[in-house]
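The block underneath contains the structure these notes are about, expressed in structure tokens.
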Amino acid sequence: MRFSQAFIFTLRENPQDAEVVSHKLMARAGMIDKLAAGIYTYLPLGWRTVDKLCRIVREEMDRAGAVELAMPCIQPAELWQESGRWYAYGKELLRLKDRHERDFCFGPTHEEVITDVVRRRVNSYRQLPLNLYQIQTKFRDEIRPRFGLMRGREFLMKDAYSFHSSAESLDEAYRAMEEAYCRIFARCGLSFTAVEADTGNIGGSESHEFMVLAETGEDAVVACTCGYGANREKATSGPPPAAPPWPGALPPRPELAHTPGLTSVAEVAAFLGLHPAHFIKTMVVETEREFAVALVRGDDELNEVKLKNALGAIHLQLASAEKVQRVTNAAVGFAGPVGLGGVRIVADPGVMSLSVAATGANRDDYHLVGVVPGRDFTPHLVADLRLVQAQDPCPRCGKPLELKRGIEVGHIFKLGTKYSEPMGCTYLDDKGQQQPMIMGCYGLGIGRTVAAAVEQNHDEAGICWPLPLAPFAVEVLNVNPDLPGVAAAAERVYQELRSAGVEVLYDDRDERGGVKFKDADLIGFPVRVVVGKKGVERGQVEISLRRDGTRREVSLAEACGVVQELVAQGGA
RNA sequence: CGGGGCGUAGCUCAGCCUGGUAGAGCACACGGUUCGGGACCGUGUGGUCGGAGGUUCAAAUCCUCUCGCCCCGACCA
């Protein structure tokens, strides 16, 4: 491909709305172009990279025994009503009507469609297991799209769905997908980790996320040197340090303490001469069907996802001040479990292990001191509600946990029968009994993975593509296009590389050398062949690597061979 | 949805406070000098100042409404 014909428009400056490096660099390199919030055009260079990733994904999916198909992006509401998600999904689901006023949605995911496809054809355990995948554009009307391709509304995703007649079979497919994902990300040159994850609204029993570690990641993950890793939403820890001994004598029953205007644990603790760990932090939350109260130790934070799961809720949020008032008869900051009725109370084990504690009195400007869990109140449920902190002991080995940030590039789930059951996707087992199929689903964000690759592979000058994702492996840079001898030499190298099957871009533009060098660095071709006047006079060209900047002079005749070798070595 | 910010040339922005002929750099076109790391000089093209309404002799500038975009939060296979 010749640069002059390649539709490449680089930007000298960062677009005004770009926040993270991947967005800035991909926009400047002329790979993507924003059309609307969270909606992007892949320009030719960007599309080539996407295509590279897709090929890798297809190879690994095929290797793992999955079969490709393509489902519609527009889906009828009926299917979503069958699974129940038409009602469970919020505004994130883009709903539309056709000219007959029939309801449709733009698919944010395809469990319903694939389940329908399979249920109408497969009816025997002999036809299982199955694993089907597609690479397709999806749309989720995110509340807040941001960070370019990292959180778009319209985005490309590979999604695979497997169907089984036994948990063992599902497990096999799950492991195969896990391995395929590792191979995919490794082939892309990404440094990543797989962590345990919450299953969210998709549902299911087991779930792992593939995280590319990066400062700009939107997800918090905890990791231990022993190999334990989990999304912070899901992470557990060993027992945190016990609260310090209670100062003074244990009162026979809770006593009121006047704490005017003191609403935070830290303030009240300081005022009463107690440690924050002596407190029971009491939070009122609201789910789609009830109010509930969560209790964690004063020095801990609430993990809302854990609470949501403990309550069996789909949506959960902290109650507004007005609703807190209604539930506790007090302003925010004075809630406590003692004497609180009419709502379910869920306590973290850390709260129950306090021998004595202080907490809100459900009365403005008062706290209770000397509260004994189990004596003065009894929660309806005790469950892990604690948000894991850095330095907490690892739940497996006890060593201190690390807190990192990651970009979620893949997510795999064991769905079980969450879709097959309501949608009647069943098979006859070897005893002639009808059973719902056991399902798994496996997502991989294409655009997000590309963005993550840029986050991990760039420098001051631009992108440093890992060779497998580079839009072109090699650029031939003609420094003096006006000199016929140089042009002929560059043309020769270009043609030889092309004939050799190397993906090469020839910068034949009538531009100054500096402009071409800057563009080459920005776009980030792993290998560069510079053809210029001085070299050509000696029959030499310069070959350099983007990643480490190393250069070498080789003869014109050798150039193609050397480049092929470098490409074969991975361009690094 | 709550809080904050921004919409002026293709791009990045100044001008707005304090109303009075719409600007710069880059890009683009032409001429010349340059030519291995985003060249220089000259000339030129290009703008319903996001939109609607209002105040005023006069609005990019002040007021109201509206749309879009960005950031923080809540939210999220």
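In what follows, chains are A, B, ... by sequence order, proteins preceding strands, each numbered from 1. Fair warning: this is a prediction, and the values are worked out from it, not measured in the lab.
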Distance between the C1' atoms of B:rG47 and B:rG10, in whole angstroms? 12 Å
Under 3.5 Å on both distances, the Watson-Crick or G-U partner of B:rC6: B:rG68
Nearest-nucleotide 5' precedence on RNA chain B, A:Glu218 against A:Arg153: A:Arg153
Heavy atoms only, 4.0 Å cut-off, all strands: where does A:Asn14 land among base, sugar-phosphate and nothing? sugar-phosphate
Mark yes or no for a side-chain to base donor-acceptor pair under 3.5 Å between A:Arg28 and B:rG38, with no hydrogen or angle criteria applied. yes
If you look at every strand shown and take non-hydrogen atoms under 4.0 Å, does A:Glu92 touch a base, only sugar-phosphate, or nothing? sugar-phosphate
Aromatic rings A:Trp80 and A:Tyr89: how do their planes relate, parallel, tilted or perpendicular, breaks at 30° and 60°? perpendicular
Rounded distance in Å between the C1' positions of B:rU56 and B:rC63: 12 Å
P gap between B:rC26 and B:rG44, integer Å: 16 Å
Assess whether a salt bridge exists between A:Arg183 and A:Glu60, defined as any Lys/Arg side-chain N lying under 4.0 Å from an Asp/Glu carboxylate O. yes
So if I take every side-chain heavy atom of A:Phe147 and compare against B:rU12, B:rC71, B:rG38, which nucleotide ends up nearest? B:rC71
d(NZ, A:Lys24; P, B:rC11) in whole Å: 18 Å
Hey, is A:Glu206 close enough to A:Arg175 for a salt bridge, meaning N to O under 4.0 Å? yes
Taking the side chain of A:Ala36 as heavy atoms from C-beta outward, which of B:rC69, B:rG38, B:rG36 is closest to it? B:rC69
Tell which nucleotide pairs with B:rC75, taking only Watson-Crick or G-U wobble pairs whose two distances are both under 3.5 angstrom. none
Partners meeting salt bridge (Lys or Arg N to Asp or Glu O under 4.0 Å) with A:Arg509 (sequence neighbours left out): A:Asp507, A:Asp519
Pair assignment for B:rG36, Watson-Crick or G-U wobble, requiring both distances under 3.5 Å: none
Would you mind classifying the nucleic acid contact of A:Pro108 as base, sugar-phosphate or nothing, using non-hydrogen atoms under 4.0 angstrom? base
By nearest heavy atom, map A:Val305 and A:Glu13 onto RNA chain B; which one lands nearer the 5' end? A:Glu13
Could you pull out all residues at least two apart from A:Glu491 that satisfy salt bridge (Lys or Arg N to Asp or Glu O under 4.0 Å)? A:Arg2
On the nucleotide B:rG38, are OP1 or OP2 found under 4.0 Å from the side-chain N or O atoms that A:Arg12 carries? no
Could you state the NZ-P distance from A:Lys516 to B:rA39, rounded to the nearest angstrom? 13 Å
Give the nucleotide from the list B:rG36, B:rG38, B:rC1 with an atom nearest to the side chain of A:Ile143. B:rC1
Look at all strands and tell whether A:Leu316 reaches a base, only sugar-phosphate, or nothing, counting heavy atoms closer than 4.0 Å. sugar-phosphate
Taking B:rC49 as the reference, what is the distance to B:rG15 when you measure between their C1' atoms (whole Å, please)? 10 Å
Rounding to the closest angstrom, what is the interatomic distance between B:rA59 and B:rU18 at atom C1'? 14 Å
Expressed as a whole number of angstroms, how long is the span from A:Asp510:CG to B:rC30:C1'? 15 Å
Pairwise P distance, B:rU8 and B:rG51 [rounded to whole Å]: 10 Å
Could you pull out all residues at least two apart from A:Phe192 that satisfy ring-ring contact (aromatic ring centres under 6.0 Å, His included)? A:Phe185
Interatomic distance at C1', B:rA29 relative to B:rC72, whole Å: 45 Å
Using only heavy-atom distances, decide whether a donor-acceptor pair under 3.5 angstrom links the side-chain of A:Glu542 to the base of B:rG36. yes
For a quick check of understanding: with a heavy-atom distance under 4.0 Å over all strands, which category does A:Arg509 fall into, base, sugar-phosphate or nothing? nothing
Please state how far atom CD in A:Gln16 lies from atom P in B:rU8, giving the value in whole angstrom units. 8 Å
Side chain of A:Ala37 (C-beta onward), nearest among B:rG38, B:rC69, B:rC71: B:rC69
Answer for the Watson-Crick or wobble partner of B:rC49, both distances under 3.5 Å, is none
In the structure shown, which nucleotide is the Watson-Crick or G-U wobble counterpart of B:rA59, with both distances under 3.5 Å? none
Do the charged groups of A:Lys418 and A:Glu111 touch, with an N to O distance under 4.0 Å? no
When you check the phosphate oxygens OP1 and OP2 of B:rG36, does a side-chain N or O of A:Lys518 lie under 4.0 Å from one of them? no
Pairwise C1' distance, B:rC41 and B:rU48 [rounded to whole Å]: 35 Å
Could you tell me which residues satisfy side-chain contact (heavy atoms from CB on, under 4.5 Å) with A:Phe7, sequence neighbours excluded, listed by chain and number? A:Phe9, A:Leu43, A:Pro44
Any strand counts, and the cut-off is 3.5 Å on both contacts for Watson-Crick or G-U wobble. Which nucleotide pairs with B:rC28? B:rG44
If you measure from the Lys or Arg side-chain nitrogens to the Asp or Glu carboxylate oxygens, is any gap between A:Asp198 and A:Lys308 under 4.0 Å? no
What contact category does A:Glu233 fall into here, base, sugar-phosphate, or nothing, at under 4.0 angstrom with non-hydrogen atoms? nothing
Both distances below 3.5 Å, Watson-Crick or wobble geometry, any strand: find the nucleotide opposite B:rG19. none
Cationic N near anionic O, under 4.0 Å, A:Lys234 to A:Glu209: no
Just compare B:rC75, B:rC71, B:rC35 and give me whichever is closest to any side-chain atom of A:Glu304. B:rC75
Under a 4.0 Å heavy-atom cut-off, which of residues 457-464 of chain A touch RNA chain B? none
Under 4.0 angstrom, heavy atoms only, what part of the nucleic acid is A:Phe155 near: base, sugar-phosphate, or nothing? base
Among the nucleotides B:rC70, B:rC76, B:rG38, which one has an atom lying closest to any side-chain atom of A:Lys308? B:rC76
Are A:Arg151 and B:rC76 close enough that a side-chain N or O sits under 4.0 Å from OP1 or OP2? no
Think A:Asn480 has a side-chain N or O under 4.0 angstrom from the OP1 or OP2 of B:rG36? yes
I want to check one thing: is the phosphate of B:rC75, taken as OP1 and OP2, less than 4.0 Å away from some side-chain N or O of A:Lys91? no
Residues in ring-ring contact (aromatic ring centres under 6.0 Å, His included) contact with A:Tyr174, at least two apart in sequence or another chain: A:His208
Distance check needed: B:rC76 P versus A:Leu94 CG, whole Å only. 19 Å
Is a donor-acceptor pair below 3.5 Å formed from side chain A:Arg146 to base B:rC71, judging by atom type as modelled? no
